[in-house]
Amino acid sequence: MNDQTVPALPAIDYAYLEETLLHLLAIPSPVGLTDGVARYTAGRLEALGIPYELTRRGAIRATLRGRESRPARAIVAHLDTLGAMVRQIKPNGRLGVVPIGHWSSRFAEGGRLTIFTDNGQLRGTCLPLKTSGHAFGDEIDSQPVGWEHVEVRVDTPARNAEDLIAAGINVGDWIAFDPQLEIQPDGYVNSRYLDDKAAVAALLAACKAIKDSGRVPPVDAYPLFTITEEVGSGSSAALHGDIAEMVSMDISIAAPGQNTDEQAATICVQDMSGPFDYHLTHKLIRLATEHGIRHRRDVFRYYRSDSAAAVEAGNDIRTALIGFGADASHAQERTHRDALEALAQLTAAYMLSEPVARRDRTSMGSLEGFTEQLRPEDMLVPTTPLPVPGEFMEPDGVAAAAVDAESSERM
(Lines give C-alpha, C1' and ligand atoms only; values in the text may rest on other atoms or scores of the structure.)
Protein backbone atom coordinates (compact mmCIF):
# COMPACT_ATOMS: atom_id res chain seq x y z
CA MET A 1 0.00 0.00 0.00
CA ASN A 2 1.42 3.42 -0.91
CA ASP A 3 0.91 6.80 0.71
CA GLN A 4 -1.66 7.85 -1.90
CA THR A 5 -4.05 5.08 -0.88
CA VAL A 6 -3.79 5.65 2.88
CA PRO A 7 -6.43 8.11 4.12
CA ALA A 8 -4.96 10.77 6.37
CA LEU A 9 -5.63 10.33 10.05
CA PRO A 10 -7.78 12.92 11.84
CA ALA A 11 -5.66 15.44 13.73
CA ILE A 12 -4.97 14.84 17.41
CA ASP A 13 -5.82 17.83 19.60
CA TYR A 14 -2.76 17.75 21.87
CA ALA A 15 -4.01 20.68 23.96
CA TYR A 16 -7.07 18.58 24.79
CA LEU A 17 -4.87 15.55 25.56
CA GLU A 18 -2.66 17.53 27.93
CA GLU A 19 -5.60 19.24 29.63
CA THR A 20 -7.23 15.85 30.17
CA LEU A 21 -4.00 14.44 31.59
CA LEU A 22 -3.70 17.34 34.04
CA HIS A 23 -7.30 16.83 35.18
CA LEU A 24 -6.78 13.09 35.64
CA LEU A 25 -3.60 13.58 37.65
CA ALA A 26 -5.42 16.00 39.94
CA ILE A 27 -7.92 13.27 40.90
CA PRO A 28 -6.60 10.69 43.40
CA SER A 29 -7.46 7.19 42.18
CA PRO A 30 -5.55 4.36 43.87
CA VAL A 31 -7.27 1.01 43.30
CA GLY A 32 -10.48 0.92 45.32
CA LEU A 33 -10.85 4.72 45.43
CA THR A 34 -11.83 5.31 41.80
CA ASP A 35 -15.35 6.76 41.85
CA GLY A 36 -14.08 10.30 41.30
CA VAL A 37 -11.95 9.49 38.28
CA ALA A 38 -14.75 7.36 36.80
CA ARG A 39 -17.19 10.27 37.17
CA TYR A 40 -14.72 12.63 35.51
CA THR A 41 -14.12 10.28 32.58
CA ALA A 42 -17.85 9.75 32.11
CA GLY A 43 -18.28 13.53 31.96
CA ARG A 44 -15.50 13.78 29.37
CA LEU A 45 -17.29 11.20 27.21
CA GLU A 46 -20.60 13.05 27.57
CA ALA A 47 -18.94 16.26 26.38
CA LEU A 48 -17.76 14.41 23.27
CA GLY A 49 -21.23 13.02 22.63
CA ILE A 50 -20.05 9.43 23.15
CA PRO A 51 -22.54 7.12 24.93
CA TYR A 52 -21.27 4.92 27.74
CA GLU A 53 -22.29 2.51 30.50
CA LEU A 54 -20.77 1.81 33.91
CA THR A 55 -20.37 -1.52 35.64
CA ARG A 56 -21.46 -1.86 39.26
CA ARG A 57 -18.01 -0.83 40.52
CA GLY A 58 -17.36 1.89 37.95
CA ALA A 59 -15.52 0.45 34.95
CA ILE A 60 -16.70 2.31 31.83
CA ARG A 61 -17.64 0.93 28.43
CA ALA A 62 -18.12 3.66 25.85
CA THR A 63 -19.37 3.09 22.30
CA LEU A 64 -18.29 4.46 18.93
CA ARG A 65 -20.78 2.99 16.47
CA GLY A 66 -19.36 1.63 13.24
CA ARG A 67 -20.85 0.77 9.87
CA GLU A 68 -21.22 -2.80 11.16
CA SER A 69 -21.71 -4.06 14.68
CA ARG A 70 -19.46 -7.13 14.41
CA PRO A 71 -16.70 -8.16 14.79
CA ALA A 72 -16.44 -5.42 17.41
CA ARG A 73 -13.24 -4.20 19.02
CA ALA A 74 -12.28 -2.82 22.43
CA ILE A 75 -9.54 -0.32 23.27
CA VAL A 76 -8.64 -0.38 26.96
CA ALA A 77 -6.86 1.98 29.36
CA HIS A 78 -7.01 1.88 33.16
CA LEU A 79 -8.05 4.67 35.50
CA ASP A 80 -6.67 3.15 38.70
CA THR A 81 -3.21 3.87 40.06
CA LEU A 82 -0.85 2.61 42.71
CA GLY A 83 -1.24 3.81 46.27
CA ALA A 84 -1.07 2.60 49.85
CA MET A 85 -3.26 1.74 52.85
CA VAL A 86 -2.91 2.16 56.61
CA ARG A 87 -2.05 -1.22 58.15
CA GLN A 88 -0.99 -0.08 61.64
CA ILE A 89 -1.44 2.87 63.97
CA LYS A 90 1.93 2.82 65.70
CA PRO A 91 2.71 3.67 69.34
CA ASN A 92 5.14 6.38 68.17
CA GLY A 93 2.33 8.38 66.55
CA ARG A 94 3.11 7.32 63.00
CA LEU A 95 1.49 4.94 60.52
CA GLY A 96 2.61 1.61 59.15
CA VAL A 97 1.45 1.12 55.56
CA VAL A 98 1.12 -1.53 52.86
CA PRO A 99 1.19 -0.86 49.12
CA ILE A 100 -1.82 -0.95 46.83
CA GLY A 101 -0.53 -2.56 43.67
CA HIS A 102 3.02 -3.72 43.12
CA TRP A 103 5.63 -1.03 43.69
CA SER A 104 8.74 -0.52 45.76
CA SER A 105 8.84 1.52 48.95
CA ARG A 106 12.08 2.93 47.57
CA PHE A 107 9.95 5.27 45.46
CA ALA A 108 7.55 6.10 48.30
CA GLU A 109 10.28 7.46 50.55
CA GLY A 110 10.01 11.24 50.79
CA GLY A 111 6.65 11.31 49.02
CA ARG A 112 3.98 13.71 50.15
CA LEU A 113 0.56 12.13 50.43
CA THR A 114 -3.08 12.36 51.48
CA ILE A 115 -4.76 9.99 53.94
CA PHE A 116 -8.49 9.55 53.28
CA THR A 117 -10.24 8.99 56.60
CA ASP A 118 -13.92 8.25 57.17
CA ASN A 119 -14.57 11.95 57.81
CA GLY A 120 -12.01 13.88 55.76
CA GLN A 121 -8.39 14.01 54.66
CA LEU A 122 -5.07 14.49 56.40
CA ARG A 123 -1.72 15.24 54.83
CA GLY A 124 1.55 13.47 55.55
CA THR A 125 4.92 12.24 54.32
CA CYS A 126 6.28 8.74 53.83
CA LEU A 127 9.69 8.39 55.48
CA PRO A 128 12.21 5.66 56.34
CA LEU A 129 12.21 4.57 59.98
CA LYS A 130 15.56 6.29 60.40
CA THR A 131 15.46 9.64 58.66
CA SER A 132 17.52 12.37 60.29
CA GLY A 133 21.25 12.16 59.72
CA HIS A 134 21.75 14.33 62.79
CA ALA A 135 20.17 11.62 64.91
CA PHE A 136 21.23 8.39 63.20
CA GLY A 137 24.39 9.28 61.30
CA ASP A 138 25.46 6.68 58.74
CA GLU A 139 22.66 4.34 59.82
CA ILE A 140 20.28 6.14 57.47
CA ASP A 141 22.33 4.82 54.52
CA SER A 142 22.48 1.21 55.70
CA GLN A 143 18.84 0.58 56.67
CA PRO A 144 16.93 -1.92 54.48
CA VAL A 145 14.43 -1.07 51.75
CA GLY A 146 10.89 -2.39 52.19
CA TRP A 147 7.40 -1.36 53.23
CA GLU A 148 8.09 -2.59 56.77
CA HIS A 149 10.97 -0.09 56.88
CA VAL A 150 8.91 3.04 56.15
CA GLU A 151 6.19 4.90 58.02
CA VAL A 152 3.91 7.86 57.45
CA ARG A 153 4.41 11.03 59.46
CA VAL A 154 1.00 12.68 59.66
CA ASP A 155 0.71 16.47 59.71
CA THR A 156 -1.25 16.56 62.95
CA PRO A 157 -0.10 16.71 66.58
CA ALA A 158 0.49 13.01 67.27
CA ARG A 159 2.88 11.55 69.83
CA ASN A 160 1.14 8.22 70.21
CA ALA A 161 -1.50 5.95 68.65
CA GLU A 162 -4.31 7.55 70.65
CA ASP A 163 -3.58 10.95 69.08
CA LEU A 164 -3.89 9.46 65.58
CA ILE A 165 -7.12 7.69 66.45
CA ALA A 166 -8.48 10.95 67.86
CA ALA A 167 -7.57 12.62 64.55
CA GLY A 168 -9.91 10.16 62.81
CA ILE A 169 -7.39 7.71 61.33
CA ASN A 170 -8.25 4.01 61.12
CA VAL A 171 -6.54 0.89 59.87
CA GLY A 172 -7.69 0.43 56.25
CA ASP A 173 -7.70 4.13 55.31
CA TRP A 174 -6.61 4.75 51.71
CA ILE A 175 -3.48 6.75 50.92
CA ALA A 176 -2.75 8.59 47.66
CA PHE A 177 0.72 9.95 46.94
CA ASP A 178 1.08 13.33 45.23
CA PRO A 179 1.79 13.07 41.47
CA GLN A 180 4.53 15.75 41.57
CA LEU A 181 3.77 16.76 38.00
CA GLU A 182 6.20 18.83 35.95
CA ILE A 183 5.86 19.53 32.22
CA GLN A 184 8.91 20.92 30.46
CA PRO A 185 8.75 23.33 27.48
CA ASP A 186 10.65 20.78 25.35
CA GLY A 187 7.85 18.24 25.75
CA TYR A 188 9.00 16.07 28.66
CA VAL A 189 6.29 15.12 31.15
CA ASN A 190 7.36 13.99 34.64
CA SER A 191 4.86 12.62 37.14
CA ARG A 192 3.71 9.66 39.17
CA TYR A 193 0.73 7.84 37.68
CA LEU A 194 1.42 8.47 34.01
CA ASP A 195 0.68 4.76 34.22
CA ASP A 196 -1.99 4.81 33.07
CA LYS A 197 -3.51 8.28 33.07
CA ALA A 198 -1.39 9.32 30.10
CA ALA A 199 -2.88 6.46 28.07
CA VAL A 200 -6.40 7.39 29.24
CA ALA A 201 -5.81 10.93 28.00
CA ALA A 202 -4.48 9.57 24.68
CA LEU A 203 -7.53 7.33 24.28
CA LEU A 204 -9.94 10.20 24.93
CA ALA A 205 -7.96 12.38 22.49
CA ALA A 206 -8.23 9.66 19.82
CA CYS A 207 -11.99 9.43 20.42
CA LYS A 208 -12.26 13.22 20.10
CA ALA A 209 -10.31 13.18 16.83
CA ILE A 210 -12.68 10.61 15.34
CA LYS A 211 -15.80 12.43 16.54
CA ASP A 212 -14.53 15.80 15.28
CA SER A 213 -13.68 14.32 11.87
CA GLY A 214 -17.16 12.87 11.36
CA ARG A 215 -15.65 9.57 10.20
CA VAL A 216 -17.41 6.33 11.07
CA PRO A 217 -15.32 3.31 12.06
CA PRO A 218 -15.90 0.18 9.94
CA VAL A 219 -17.03 -1.79 13.02
CA ASP A 220 -18.21 -0.88 16.50
CA ALA A 221 -15.40 0.27 18.77
CA TYR A 222 -15.68 0.17 22.55
CA PRO A 223 -13.29 2.39 24.52
CA LEU A 224 -13.01 0.73 27.93
CA PHE A 225 -11.76 2.39 31.11
CA THR A 226 -10.98 -0.15 33.81
CA ILE A 227 -10.44 0.38 37.55
CA THR A 228 -8.48 -2.61 38.88
CA GLU A 229 -5.60 -3.17 36.45
CA GLU A 230 -2.91 -2.53 39.06
CA VAL A 231 -4.14 -5.49 41.12
CA GLY A 232 -4.57 -7.83 38.16
CA SER A 233 -8.29 -8.08 37.36
CA GLY A 234 -8.64 -5.08 35.00
CA SER A 235 -10.72 -5.78 31.91
CA SER A 236 -12.08 -9.10 33.12
CA ALA A 237 -15.30 -7.05 33.37
CA ALA A 238 -17.02 -4.77 30.82
CA LEU A 239 -16.41 -7.00 27.78
CA HIS A 240 -19.20 -8.72 25.87
CA GLY A 241 -19.47 -11.48 23.30
CA ASP A 242 -19.40 -9.31 20.18
CA ILE A 243 -15.90 -8.04 20.99
CA ALA A 244 -13.38 -10.04 18.93
CA GLU A 245 -10.30 -7.81 19.28
CA MET A 246 -8.90 -5.93 22.25
CA VAL A 247 -5.96 -3.53 22.31
CA SER A 248 -4.64 -2.48 25.71
CA MET A 249 -3.01 0.93 26.11
CA ASP A 250 -0.46 1.23 28.87
CA ILE A 251 2.96 2.49 29.87
CA SER A 252 5.90 1.01 27.94
CA ILE A 253 9.31 0.71 29.50
CA ALA A 254 12.42 2.45 28.20
CA ALA A 255 15.34 0.82 30.00
CA PRO A 256 18.63 -0.95 29.29
CA GLY A 257 17.88 -4.08 27.30
CA GLN A 258 14.55 -2.74 26.03
CA ASN A 259 13.75 -1.35 22.58
CA THR A 260 11.20 1.25 23.75
CA ASP A 261 11.89 4.96 23.24
CA GLU A 262 10.45 7.79 25.35
CA GLN A 263 9.53 9.73 22.21
CA ALA A 264 7.64 6.98 20.41
CA ALA A 265 4.72 4.63 20.75
CA THR A 266 5.53 1.00 21.53
CA ILE A 267 3.90 -2.10 20.06
CA CYS A 268 4.55 -4.93 22.51
CA VAL A 269 4.83 -8.37 20.93
CA GLN A 270 5.01 -10.36 24.20
CA ASP A 271 4.85 -9.80 27.94
CA MET A 272 5.02 -12.18 30.91
CA SER A 273 1.60 -13.61 30.00
CA GLY A 274 2.92 -14.75 26.61
CA PRO A 275 2.81 -13.55 22.99
CA PHE A 276 0.00 -11.28 21.84
CA ASP A 277 -2.09 -12.15 18.81
CA TYR A 278 0.13 -12.40 15.75
CA HIS A 279 -2.32 -10.87 13.29
CA LEU A 280 -3.55 -8.03 15.49
CA THR A 281 0.00 -7.10 16.51
CA HIS A 282 1.24 -7.07 12.93
CA LYS A 283 -1.79 -5.07 11.88
CA LEU A 284 -0.81 -2.37 14.39
CA ILE A 285 2.77 -2.42 13.12
CA ARG A 286 1.51 -2.03 9.56
CA LEU A 287 -0.78 0.87 10.53
CA ALA A 288 2.06 2.67 12.29
CA THR A 289 4.31 2.21 9.27
CA GLU A 290 1.69 3.27 6.73
CA HIS A 291 0.79 6.44 8.63
CA GLY A 292 4.35 7.40 9.52
CA ILE A 293 3.69 7.05 13.26
CA ARG A 294 6.91 6.86 15.24
CA HIS A 295 6.97 3.48 16.93
CA ARG A 296 9.12 0.70 18.35
CA ARG A 297 8.53 -3.01 18.88
CA ASP A 298 9.41 -4.49 22.25
CA VAL A 299 9.14 -7.53 24.53
CA PHE A 300 8.59 -7.11 28.28
CA ARG A 301 9.63 -9.75 30.82
CA TYR A 302 8.10 -8.29 33.99
CA TYR A 303 4.82 -6.87 32.76
CA ARG A 304 1.16 -7.72 32.45
CA SER A 305 -1.77 -5.67 31.19
CA ASP A 306 -5.55 -5.61 30.87
CA SER A 307 -5.22 -8.04 27.97
CA ALA A 308 -3.98 -10.82 30.25
CA ALA A 309 -6.90 -10.29 32.64
CA ALA A 310 -9.39 -10.51 29.75
CA VAL A 311 -7.99 -13.77 28.40
CA GLU A 312 -7.62 -15.35 31.85
CA ALA A 313 -11.28 -14.53 32.51
CA GLY A 314 -12.18 -16.83 29.60
CA ASN A 315 -12.69 -14.33 26.77
CA ASP A 316 -11.85 -15.77 23.34
CA ILE A 317 -10.50 -12.58 21.78
CA ARG A 318 -7.43 -11.41 19.90
CA THR A 319 -5.32 -9.20 22.13
CA ALA A 320 -2.50 -6.71 21.62
CA LEU A 321 -0.66 -4.11 23.67
CA ILE A 322 0.46 -0.63 22.68
CA GLY A 323 1.88 2.08 24.91
CA PHE A 324 3.68 5.36 25.34
CA GLY A 325 7.43 5.12 25.85
CA ALA A 326 8.37 6.11 29.40
CA ASP A 327 11.16 5.83 31.93
CA ALA A 328 10.98 4.62 35.56
CA SER A 329 7.62 2.88 35.64
CA HIS A 330 5.94 2.68 39.07
CA ALA A 331 8.34 5.37 40.26
CA GLN A 332 8.70 9.01 39.21
CA GLU A 333 7.76 8.36 35.61
CA ARG A 334 8.77 10.39 32.57
CA THR A 335 7.46 10.43 29.00
CA HIS A 336 7.41 12.91 26.14
CA ARG A 337 4.73 14.71 24.17
CA ASP A 338 5.86 12.87 21.02
CA ALA A 339 5.10 9.49 22.59
CA LEU A 340 1.64 10.59 23.73
CA GLU A 341 0.76 11.99 20.30
CA ALA A 342 2.06 8.86 18.59
CA LEU A 343 -0.03 6.64 20.87
CA ALA A 344 -3.17 8.71 20.22
CA GLN A 345 -2.53 8.58 16.46
CA LEU A 346 -2.02 4.81 16.48
CA THR A 347 -5.20 4.37 18.53
CA ALA A 348 -7.23 6.46 16.09
CA ALA A 349 -5.73 4.59 13.14
CA TYR A 350 -6.72 1.29 14.73
CA MET A 351 -10.31 2.32 15.43
CA LEU A 352 -10.70 3.49 11.82
CA SER A 353 -9.16 0.34 10.32
CA GLU A 354 -10.80 -2.84 9.09
CA PRO A 355 -10.99 -5.79 11.51
CA VAL A 356 -8.34 -8.47 11.39
CA ALA A 357 -10.79 -11.09 10.12
CA ARG A 358 -14.46 -10.73 9.21
CA ARG A 359 -14.86 -14.36 10.25
CA ASP A 360 -14.37 -13.20 13.85
CA ARG A 361 -17.94 -11.82 13.91
CA THR A 362 -18.88 -15.21 15.40
CA SER A 363 -17.01 -17.05 18.13
CA MET A 364 -17.04 -20.36 16.25
CA GLY A 365 -16.92 -21.05 12.53
CA SER A 366 -15.48 -23.11 9.72
CA LEU A 367 -12.00 -22.90 8.21
CA GLU A 368 -13.29 -20.48 5.60
CA GLY A 369 -11.92 -17.00 6.28
CA PHE A 370 -9.60 -18.23 9.03
CA THR A 371 -6.31 -16.34 9.30
CA GLU A 372 -3.03 -17.69 7.92
CA GLN A 373 0.36 -16.93 9.43
CA LEU A 374 2.59 -19.13 7.30
CA ARG A 375 1.81 -20.54 3.88
CA PRO A 376 3.15 -24.01 3.05
CA GLU A 377 5.86 -22.47 0.87
CA ASP A 378 6.97 -20.35 3.85
CA MET A 379 7.52 -23.38 6.09
CA LEU A 380 11.20 -24.03 5.45
CA VAL A 381 12.72 -27.26 6.82
CA PRO A 382 16.38 -28.26 7.15
CA THR A 383 17.73 -29.49 3.81
CA THR A 384 21.08 -30.98 4.84
CA PRO A 385 20.71 -34.81 4.73
CA LEU A 386 22.45 -37.02 7.28
CA PRO A 387 25.09 -39.39 5.90
CA VAL A 388 24.11 -43.01 5.41
CA PRO A 389 25.98 -45.13 8.00
CA GLY A 390 26.66 -47.91 5.47
CA GLU A 391 28.69 -45.48 3.39
CA PHE A 392 31.21 -44.64 6.13
CA MET A 393 31.17 -47.73 8.38
CA GLU A 394 32.64 -51.16 7.61
CA PRO A 395 30.83 -54.28 8.89
CA ASP A 396 33.76 -55.00 11.26
CA GLY A 397 33.59 -51.47 12.74
CA VAL A 398 37.18 -50.53 11.77
CA ALA A 399 36.13 -47.35 10.04
CA ALA A 400 34.02 -46.40 13.03
CA ALA A 401 37.01 -46.78 15.35
CA ALA A 402 39.04 -44.52 13.08
CA VAL A 403 36.33 -41.88 13.21
CA ASP A 404 36.22 -42.15 17.02
CA ALA A 405 39.99 -41.71 17.22
CA GLU A 406 39.88 -38.62 15.03
CA SER A 407 37.11 -37.19 17.22
CA SER A 408 39.15 -37.86 20.38
CA GLU A 409 42.17 -36.03 18.97
CA ARG A 410 40.03 -32.96 18.30
CA MET A 411 38.62 -32.87 21.84
Side-chain angles (χ1 to χ4, degrees), residues 12 14 17-18 20-22 24-26 29-30 77-84 99-113 126 145 176-203 205 229-230 247-272 276 284 288 293-307 320-347:
I12 299 298
Y14 185 77
L17 190 159
E18 186 174 288
T20 302
L21 176 57
L22 293 176
L24 290 165
L25 290 171
S29 59
H78 66 91
L79 299 169
D80 56 296
T81 69
L82 304 167
I100 293 175
H102 182 73
W103 62 300
S104 172
S105 68
R106 181 188 301 275
F107 306 115
E109 292 179 4
R112 292 285 292 162
L113 53 86
C126 185
V145 174
F177 284 72
D178 293 359
Q180 296 178 262
L181 171 68
E182 185 175 330
I183 299 177
Q184 297 290 335
D186 61 359
Y188 279 107
V189 182
N190 289 266
S191 183
R192 296 184 194 266
Y193 312 139
L194 296 179
D195 175 11
D196 193 32
K197 292 183 174 183
V200 172
L203 176 52
E229 192 274 347
E230 292 293 2
V247 173
S248 291
M249 301 171 64
D250 216 321
I251 192 170
S252 295
I253 314 309
Q258 299 298 144
N259 196 44
T260 290
D261 187 280
E262 283 183 74
Q263 292 178 268
T266 297
I267 300 168
C268 180
V269 184
Q270 173 174 286
D271 69 3
M272 63 189 297
F276 293 100
L284 291 162
I293 300 169
R294 189 172 181 181
H295 68 285
R296 296 287 190 94
R297 304 186 196 190
D298 214 339
V299 172
F300 298 130
R301 295 171 295 167
Y302 309 109
Y303 192 110
R304 70 176 266 132
S305 70
D306 272 308
S307 292
L321 172 64
I322 59 178
F324 57 95
D327 182 62
S329 62
H330 288 196
Q332 200 66 28
E333 298 158 348
R334 186 183 73 174
T335 189
H336 193 275
R337 168 180 176 154
D338 292 349
L340 300 181
E341 286 187 310
L343 179 60
Q345 289 170 341
L346 182 55
T347 303

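Note that these values count all heavy atoms, side chains included, but never hydrogens, waters or copies made by symmetry.
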State the [atom1]-[atom2] distance between [X] and [Y], to the nearest 0.5 angstrom.
X: Glu229; Y: Leu79; atom1: CD; atom2: CG; result: 11.0 Å
X: Phe300; Y: Met272; atom1: CZ; atom2: CE; result: 13.5 Å
X: Arg294; Y: Gln345; atom1: CZ; atom2: CD; result: 12.0 Å
X: Gln332; Y: Leu194; atom1: CD; atom2: CG; result: 8.5 Å
X: Ser329; Y: Phe107; atom1: OG; atom2: CZ; result: 8.5 Å

Check: Step by step, would you call Arg296 with Ile267 a side-chain contact (heavy atoms from CB on, under 4.5 Å)?
Finding: CA-CA 6 Å; Arg296 296 287 190 94; Ile267 300 168; over 6 Å; no
Backbone of [Y] reached by a side-chain donor or acceptor of [X] within 3.5 Å:
X: Tyr303; Y: Ile251; value: yes
X: Thr266; Y: Cys268; value: no
X: Tyr193; Y: Ala198; value: no
X: Asp196; Y: Ala77; value: no

Indicate yes or no: at least one non-hydrogen side-chain atom of [X] is less than 4.5 angstrom from one of [Y].
X: Phe276; Y: Val269; value: no
X: Glu333; Y: Arg192; value: no
X: Pro30; Y: Thr81; value: yes
X: Leu181; Y: Val189; value: yes
X: Leu340; Y: Asp338; value: no
X: Ser105; Y: Val145; value: yes
X: Ile100; Y: Leu82; value: no

Any donor-acceptor N or O pair under 3.5 Å, side chains [X], [Y]:
X: Ser252; Y: Thr260; value: no
X: Glu182; Y: Gln180; value: no
X: Asp195; Y: His78; value: yes
X: Gln258; Y: Asp298; value: yes
X: Ser191; Y: Lys197; value: no

Note to self: Whether Arg337 engages the ring of Tyr188 as a cation-pi pair (distance to the six-membered ring centre under 6.0 angstrom, angle to the ring normal within 45°) should be assessed.
What the structure shows: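 Ring-cation test returns no.
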Kindly give the heavy-atom pair with the smallest separation between [X] and [Y], and that separation in Å.
X: His330; Y: His102; value: ND1-O, 2.8 Å
X: Leu284; Y: Ala320; value: CD1-CB, 3.6 Å
X: Trp103; Y: Gly83; value: NE1-O, 2.9 Å
X: Phe324; Y: Ala199; value: CE2-N, 3.8 Å
X: Cys126; Y: Ala108; value: CB-O, 3.4 Å
X: Gly325; Y: Thr335; value: O-OG1, 2.7 Å

Check: Got a sec: does the CZ of Arg112 have more than 12 other heavy atoms crowding it under 6.0 Å?
Finding: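 Yes, the 6.0 Å shell around CZ holds more than 12 heavy atoms from other groups.
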Note to self: Quick one, Ile322 with Val247, criterion side-chain contact (heavy atoms from CB on, under 4.5 Å). Give me CA distance, side-chain angles, the key distance, then yes/no.
What the structure shows: CA-CA 7 Å; Ile322 59 178; Val247 173; 3.7 Å; yes
Note to self: Run His295 and Leu346 through side-chain contact (heavy atoms from CB on, under 4.5 Å) and show every step you take.
What the structure shows: CA-CA 9 Å; His295 68 285; Leu346 182 55; 5.6 Å; no
Next item on the list: Give a yes or no on whether a salt bridge exists between Arg334 and Glu262, defined as a side-chain N under 4.0 angstrom from a carboxylate O.
Entry: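 Result for this pair is yes, salt bridge flagged.
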